[in-house]
Every structure is written in structure tokens, then in C-alpha cells.
Number of protein chains: 2
Amino acid sequence: MNNLNDTKRALIEKIGIFHEGIGLQPATGRVLGLLYVSDRPELTFDEIRETLGISKSAASNAINLLLHLNRLEYITYAGDRKRYFRLKLSRWRETLIEEIDKVTEFSATLQEVLLHRTKDTPGYNKSIDELAGFLNYLHSQIPALLQKWEQSKSA
Amino acid sequence: MNNLNDTKRALIEKIGIFHEGIGLQPATGRVLGLLYVSDRPELTFDEIRETLGISKSAASNAINLLLHLNRLEYITYAGDRKRYFRLKLSRWRETLIEEIDKVTEFSATLQEVLLHRTKDTPGYNKSIDELAGFLNYLHSQIPALLQKWEQSKSA
DNA sequence: CTGTTGGTTCAAAATTTACAGAACTAAAAT
DNA sequence: ATTTTAGTTCTGTAAATTTTGAACCAACAG
């Protein structure tokens, strides 16, 4: 049914490993990978299960987690009980911001650290303060970066 | 020797968990946490081991990994065989760039995906191309962001 | 009302990870 | 020369994670 060549299989693994790196489990990462490379971007539960060679429960868990994370949505067709799952790719901005926020939220912890650090290590404290400060700045600049990027494209 | 109050212990755990999130193991994250909160910023192998209550092997592995990742350095004193480990905090810019690069490197995979995707799904492909494009743009803009942040500070 | 489809949920098995403990080593101290 | 220090490396294992398979369920179809 979903016949994938070796290149695409390898890409699925690569995409899978990347997403493992950001905290998803292997099977979940592969579901994302499959949907990225599949020529038909809407796949059923069973197509996903079968193409990836995973169990129903693994497929169910992965799909539901991804739905929860807003990475996936599904469409239905009248007279067809199956759901057709696809990536919510148009939401990439929000997804990316959420990912970057994981890092920038560390800033709050650093500021807490500063409140409890001795004042006897000014150079050290200054570095922590700088890092925290830049993380906040980075966070604040993402919308502007997105805007500037859009502009640079239309130019 | 290294007497830490509950607040600092909690901060160590928080810093540890954050670093677990970016791929380090718990004990390794806690070593970073300890060095962030410790009033004495240079600690010996045994002080780290004892304060965190971890085994020599766990301490050895964590410290060597962090040295490898350039997150730690050590100093020595004549007539003292111990090494004194400390955070390479002044390197936070490089560390952060490396962390952001983990995300932006995904762009290359996306471009590979595009090479192998059918042309029959233009909207879908466009989203992938946009995401890849913005990741590249983000990567390219980090140095400028650092510069602008420095300027905004001195103002 | 009975069977089938499209899943979900649960318990157990398999795999992976993280760590401890003990044995070891190189350099320095006695 | 032998003991101590400051770690390293290896092996075993406990715990956590991930996955499977089987039982289950709700909705619809015949």
C-alpha cells in the first residue's frame, strides 16, 4: 500500500531521531517522519501502523500524543469511518516557538539562582545574568524575526 | 563541607531536569546544577561526588562528558594533586549557539525531504520549505542578535 | 441482533538507561 | 619500596522507558 524506497525510509529514521532528541519516543518520531515524506499526506491509523511496522497500541499512543501536542490533525470523509491523519504543518511557527521557549524558560531558573548566590563572585554572577538576559531578549525577538524573514522573502 | 540549603538543593534539581531535557543524564545535569549554585564555584571531584551523593563512576563520567562538551574546565594549584572543576560560564554564547544549532540543523533534513517529495502537494511542500527557510534564517541571525543585545544593554 | 471496523486500554515483555560498586592504575607522598 | 591519592574503567543490576499482544469497546453495516 505505502511503498517507500530506502531513501525515504532513511529520512523517516533521521526525522525520528531528531524528534527523539527533543523528547518524543522513537515510534512517535517515526510517525512524524512518515507524514513528512509520504506522497499522500493524509494517512489512516492502519496505514501508519502497517508502513512503520508498529503495533496498534504504539500507533494509538503516538497519534494521540501528537494530536495533543497539536502537531497532527485529522480529516474525515462522509461514509468512511476512518480518520485521515496529517501534519499540522501550517502551524510550524507556533511549534517552533514552543520549542525555543523550552530553552528560554531556563532564564527564570537562572534568575532564581542569582537571588540565592553569594555576591562574592561578581564575574561568575555577571555571566549568569548575561545568559539569563540574552535568553529573555531572544524570546522577545522571535516575532520580529519571523516578520523580518517574511519581508526578506517578498523582496 | 558543602552545606546546601533546601532552596539550593531544589535549584540543583530544577537545573538538572532542564539539562535532562536537552539530552544529558540526570547526574550530569545535577553536576551543572551544583556548580551553578555553589558559593565556591570551584569544586573538587570528591566535593561534587559527596555533595550530590553519587558514586565515583557517575561523577567521573559526568565530569568527563561535561569537559568534552566544553561546559566545564578545571584549574590546579601547585602542590595540590586535586583538580578544581568550574563552569565555563563565559562561554555561554557558544554553548547556546550549539544548542540552537541542534534545532536549525533539522533544516538540512527538511531540504532533503523536499528533494524527494512529490510535486503534487504544493501547499504542503511550501510549508516544509518555509520552515526550513526560517530555520536557516534564524541560524544566520544569531550573531546579529547577540550584537544588538549587547548594544541594547549599554544604552 | 450479529459481525466487522477502527480504534483504545491494560498487563506483561523487551529494551534501554543510569548508576553503583569493586577492581584497577598512574602519579605522588612517605 | 610501599602506601595513599585522585581518579578511571568494567561489570552487574535496578529502574525506567518503550513496545507488544490481547482483550475490550463503541459505532456502524448487513
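Just the heavy atoms: all of them, side chains too, but no hydrogens, waters or symmetry mates, feed the values below. Computed from a prediction, not measured in an experiment: that's the story for all the values here. Below, read A as the first sequence line, B as the second, and so on, with proteins coming before strands; counting in each chain starts at 1.
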According to a strict under-4.0 Å criterion, is [X] in side-chain N/O contact with OP1 or OP2 of [N]?
| X | N | result |
| --- | --- | --- |
| B/Lys56 | D/dG7 | no |
| A/Arg83 | C/dT8 | yes |
| B/Asn61 | C/dC19 | no |
| A/Ser60 | C/dT8 | yes |
| A/Gln25 | D/dT17 | no |

Any base atoms under 4.0 Å from [X], or only sugar-phosphate, or nothing? Heavy atoms, all strands.
| X | result |
| --- | --- |
| B/Gly53 | sugar-phosphate |
| A/Ala27 | sugar-phosphate |
| B/Ile63 | nothing |
| A/Ala58 | base |

Atom pair distance, as rounded to whole Å: [atom1] in [X] and [atom2] in [N]:
| X | N | atom1 | atom2 | result |
| --- | --- | --- | --- | --- |
| A/Leu65 | D/dT19 | CG | C1' | 15 Å |
| A/Glu20 | C/dT17 | CD | C1' | 13 Å |
| A/Tyr77 | D/dC28 | OH | P | 19 Å |
| A/Ile54 | D/dT17 | CD1 | C1' | 16 Å |
| B/Phe45 | C/dT25 | CZ | C1' | 14 Å |
| A/Ile75 | C/dG6 | CD1 | C1' | 17 Å |
| B/Leu52 | C/dA18 | CG | P | 16 Å |
| B/Asp80 | C/dA27 | CG | P | 18 Å |

Salt-bridge present (A/Arg91, A/Glu73; N to O < 4.0 Å): no

Carboxylate-amine/guanidinium proximity below 4.0 Å for B/Lys153 and A/Asp129: no

Between [options], which nucleotide gets closest to the side-chain atoms of [X]?
| X | options | answer |
| --- | --- | --- |
| B/Pro26 | C/dT4, D/dG7, C/dC19 | C/dC19 |
| A/Asn64 | C/dT8, D/dA6, C/dG21 | C/dT8 |
| B/Ser57 | C/dA20, D/dT19, D/dA6 | C/dA20 |
| A/Ser55 | C/dA20, D/dT19, D/dA6 | D/dT19 |

From CA spacing to verdict: ring pair (Phe, Tyr, Trp, His ring centres under 6.0 Å), A/Tyr77, A/Tyr84: CA-CA 9 Å; A/Tyr77 298 99; A/Tyr84 290 78; 5.1 Å; yes

Nearest non-hydrogen partners of A/Glu42 and A/Arg86, listed with the distance: OE2-NH1, 2.8 Å

Minimum heavy-atom distance between B/Pro41 and B/Leu35, given as atom pair plus value: O-CD2, 3.9 Å

N/O donor-acceptor pair, side chain A/Thr44 with base C/dG6, under 3.5 angstrom: no

Derivation of the ring pair (Phe, Tyr, Trp, His ring centres under 6.0 Å) call for A/Phe106 and B/Phe18: CA-CA 7 Å; A/Phe106 183 50; B/Phe18 170 75; 4.1 Å; yes

